[in-house]
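To keep things clear, I will list the structure first and then write my remarks on it.
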Amino acid sequence: MGAPVSPEGAIRAVFLGPPGAGKGTQAKLLAERLGIVHVSTGDMLREHRAEGTKLGLEAAGHMKRGELVPDDLVVKMVEERISRPDAAESWILDGFPRTVPQARALDSMLEKAGKTLTHVVYFGVPRGELIRRLTRRRTCGSCGAIWHLDFHPSREPDRCDRCGGPLEQRDDDRLEVVERRLQEYARLTEPVLDYYRAKGTLVEIDGARSPEDVFASLSEALERTPS
Ligand code: AMP
């Protein structure tokens with residue numbers, strides 16, 4: 001993945017797309033490449049749940065059912081995260097905003113800070129491919145490594161190659177929950193695409209390709225889009 005990315009200037013990017021579109025993978029790669037903060041609301045909520053915080057307990061039921069966590073909780077969590085010193089200039093938001101009220105809340109946070117978004121990127125992937133990606137994903141219960149039964153298999157289907165830990169399916173990667181997550185996406189998150197389309201800031205990338213090819217398109221898009 002030797003494609004160049006523009007490291008000049010601040011990057012305040014929003015990555016949008018349905019569950020399973022690969023936004024997390026791309027956000028992680030880009031954040032590592034540029035040395036900037038990757039803010040994944042899904043990861044943050046899973047950490048809260050694992051630590052049993054008040055927010056984690058409130059979020060757990062929604063997450064298990066494949067529903068969104070209430071806006072006010074997620075907005076507060078993101079606001080706190082991007083106000084830390086390591087996020088003063090640049091960050092990538094992965095999985096936020098997921099509703100129009102969240103998008104509006106982000107706009108007012110930025111306005112208060114006298115800043116703007118530099119990039120809004122949408123990763124599109126057809127539904128059948130999303131279902132295959134999500135329901136066949138496995139996560140190591142010990143080290144958190146992510147595997148896939150078809151695309152990135154561990155040598156043994158239930159044991160992690162990296163640490164020998166047990167491989168598990170995320171509760172919300174079960175088929176019935178994936179279907180619910182996709183319905184929620186269509187109902188609540190697709191309007192967010194229109195919100196940014198109307199502002200003329202949305203860049204669309206075909207996410208149904210290898211992570212390397214998607215990253216190359218992402219890098220090009222970042223260089224093209226004026227920040
Ligand atoms: P993800 O890992 O991004 O697919 O997120 C996992 C789950 O966390 C989602 O299905 C939601 O229940 C919750 N979640 C993550 N981000 C948000 C958000 N921006 N708004 C509401 N719920 C969220």
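Counting starts at 1 for both ligands and their atoms, following the listed order.
Looking at atom 19 (N) of ligand 1, its nearest protein heavy atom turns out to be Gly95 O, 2.9 Å. Summary of contacts: the protein heavy atom closest to atom 22 (N) of ligand 1 is Val69 N, 3.0 Å. Looking only at protein heavy atoms, the nearest one to atom 10 (O) of ligand 1 is Arg181 NE, 4.0 Å. Scanning all protein heavy atoms for the shortest distance to atom 11 (C) of ligand 1 gives Glu67 O, 3.6 Å. Among protein heavy atoms, the minimum distance from atom 20 (N) of ligand 1 is reached at Gln102 NE2, 2.9 Å. Nearest protein heavy-atom contact of atom 1 (P) of ligand 1 is Arg98 NH2, 3.4 Å.
Without hydrogens or angle criteria, Lys23 side chain to Asp94 main chain gives no donor-acceptor distance under 3.5 Å. Between the side chain of Thr99 and the main chain of Leu188, no donor-acceptor pair closer than 3.5 Å is present.
Using cut-offs of 30° and 60° on the angle between ring planes, the pair His152 and Trp147 is parallel.
Those atoms of ligand 1 that come under 4.0 Å of a heavy atom in Thr41, given as number and element, are 15 (C), 16 (N), 17 (C), 19 (N). Residue Val74 approaches ligand 1 through these ligand atoms, each under 4.0 Å from one of its heavy atoms: 18 (C), 19 (N), 20 (N), 21 (C).
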>> Go through it in stages, so that I can follow the logic: the residues are Arg84 and Glu80, the test is salt bridge (charged side-chain N to carboxylate O under 4.0 Å, His left out), and I'd like the CA-CA distance, side-chain angles, deciding distance and then a yes or no.
In response: CA-CA 7 Å; Arg84 291 192 213 158; Glu80 188 281 320; 3.0 Å; yes

> Can Arg187 and Glu184 be said to form a salt bridge (charged side-chain N to carboxylate O under 4.0 Å, His left out), step by step?
Replying inline: CA-CA 5 Å; Arg187 188 170 70 90; Glu184 288 281 89; 2.9 Å; yes

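Considering all non-hydrogen atoms of both residues, Leu16 and Val192 come closest at CD2-CG1, 4.1 Å.
In Arg170, the part holding a heavy atom less than 4.0 Å from any atom of ligand 1 is the side chain. The part of Leu45 lying near ligand 1 is the side chain, judged by heavy-atom distances below 4.0 Å. Of all the heavy atoms of Leu68, the ones lying under 4.0 Å from any atom of ligand 1 are found in both the backbone and the side chain.
Between the side chains of Ser217 and Arg209, at least one donor N or O lies within less than 3.5 Å of an accepting N or O.
With Asp173 as reference, Arg137 is the one residue of Arg132, Lys64, Arg137 to meet the salt bridge (charged side-chain N to carboxylate O under 4.0 Å, His left out) rule.
For the pair Arg46 and ligand 1, a heavy-atom separation below 4.0 Å is found.
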